[in-house]
Amino acid sequence: MPEPTPLITHLYSADPSAHVFNNKLYIYPSHDRETDISFNDNGDQYDMTDYHVFSMDSIDGPVTDHGIALSAHDVPWVSKQMWAPDAAFKNGKYYLFFPARDQEGIFRIGVAVSLAPQGPFVPQETSLEGSYSIDPAVFVDGDDGDKAYLYFGGLWGGQLQCWKKGGEKENGMDGLVFDASLSGPNEPSGDEVQALCPRVAQLSDDMLSFVSPPRELEILTEAGELIRADDHERRFFEAAWMHRYRGKYYFSYSTGDSHYLVYATGDSPFGPFTYQGRILEPVLGWTTHHSIVEFQDRWYLFYHDCELSGGVDHLRSVKVREILYDEEGKISLA
Ligand code: FUB
């Protein structure tokens, strides 16, 4: 198949979370912008300040930009870097989940609420109690009484490696303490060392808090062993996404510095998940980030690359490709 062209060309967009609401496809991406911040492994150059929401009536049709849905200026707890968001519908309302650095420079996850899928979204005054790191992906399990789960986490600039056990069990942090000295490319390493796991927490019925502290989501090899820290082609890095296909849960993610989008499957939203393979090979640009959605009886992978900016890592554009499942539920690109 020829390389798809960018869906959005009047601004830079990345990390697309796609959902179908009221028979329309909505995209909730990051809004990349040019800055003069020097590039580093902490991702400081990804200095985004707001979110736009986009919609499409058909996969080949025009993309409508609904304008600014939420801006950093309107969120009291945010200092900078509004990274990859996601959205959900529950109990008649739309919820935008987004990560950003708080006033102390620590990534937290916030929620903003709207009566319309395109927003504007009204943010909560504070971040979700007990939240940390980046890349929230919210999954409402329609086959399980509409229970909602939040998946999140990201290494290096996403700070997941900075959180260590051993503190007081207060503020919903379940004894985790933040070690700023581990910021940047300081993930665990070593042959026998287990990779850091993404996190999952069930959300309360009003979607504004965790039912219980986030827990680790285990990703296993086919042999049933936890993926190792040095296995950079398979270990979780960032860009969590959850979807369901024929009764199975599919957890997909980016492997970061090896630049793959991969997936694992399981029988429960809490895991464990077993690694299955790659969805997308490396794209132009450092990051890779996606969502998977069923729309008008076909399945699609929304992702980004840096073609439109000529390869500038923090100036990305959203694209879409169809995906297929074989008899065993294995994913391939159409
Ligand atoms: O857009 C900023 C960050 O880049 C995201 O949070 C990561 O997933 C990566 O795509």
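The structure displayed is predicted, hence computed values, not measured ones. FYI, the numbering just counts along the sequence from 1. In listed order, ligands and their atoms are each counted from 1.
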In the protein, what heavy atom is nearest to [atom], and what distance, to one decimal place, separates them?
{"atom": "atom 1 (O) of ligand 1", "result": "Asp15 OD2, 2.5 Å"}
{"atom": "atom 9 (C) of ligand 1", "result": "Glu238 OE2, 3.3 Å"}
{"atom": "atom 6 (O) of ligand 1", "result": "Asp135 OD1, 2.5 Å"}

Salt-bridged, Asp47 to Lys80, with N to O below 4.0 Å?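 So Asp47 does not pair with Lys80 through a salt bridge.
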Asp57 (side chain) donor-acceptor with Gly61 (main chain) under 3.5 angstrom: no
Please examine the side chains of Glu34 and Val312, heavy atoms only from C-beta on, and report whether any two atoms are closer than 4.5 Å. no
Please list, in number order, the atoms of ligand 1 under 4.0 Å from a heavy atom of [X].
{"X": "Met48", "answer": "1 (O), 2 (C)"}
{"X": "Ala84", "answer": "6 (O)"}
{"X": "His304", "answer": "10 (O)"}
{"X": "His289", "answer": "7 (C), 8 (O), 10 (O)"}

Minimum heavy-atom distance Asp44-Gln81, with the two atoms named: CA-NE2, 3.5 Å
Hydrophobic clusters here meaning ILVMFWY residues chained together by side-chain heavy-atom distances under 4.5 Å, can you tell me if Trp163 and Phe236 are in one? yes
Logged contact type for Arg316 with ligand 1, heavy-atom cut-off 4.0 Å, is side chain
Spatial distance of atom OH (Tyr249) from atom OG1 (Thr265) [nearest 0.5 Å]: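 Between atom OH of Tyr249 and atom OG1 of Thr265 there are 12.5 Å.
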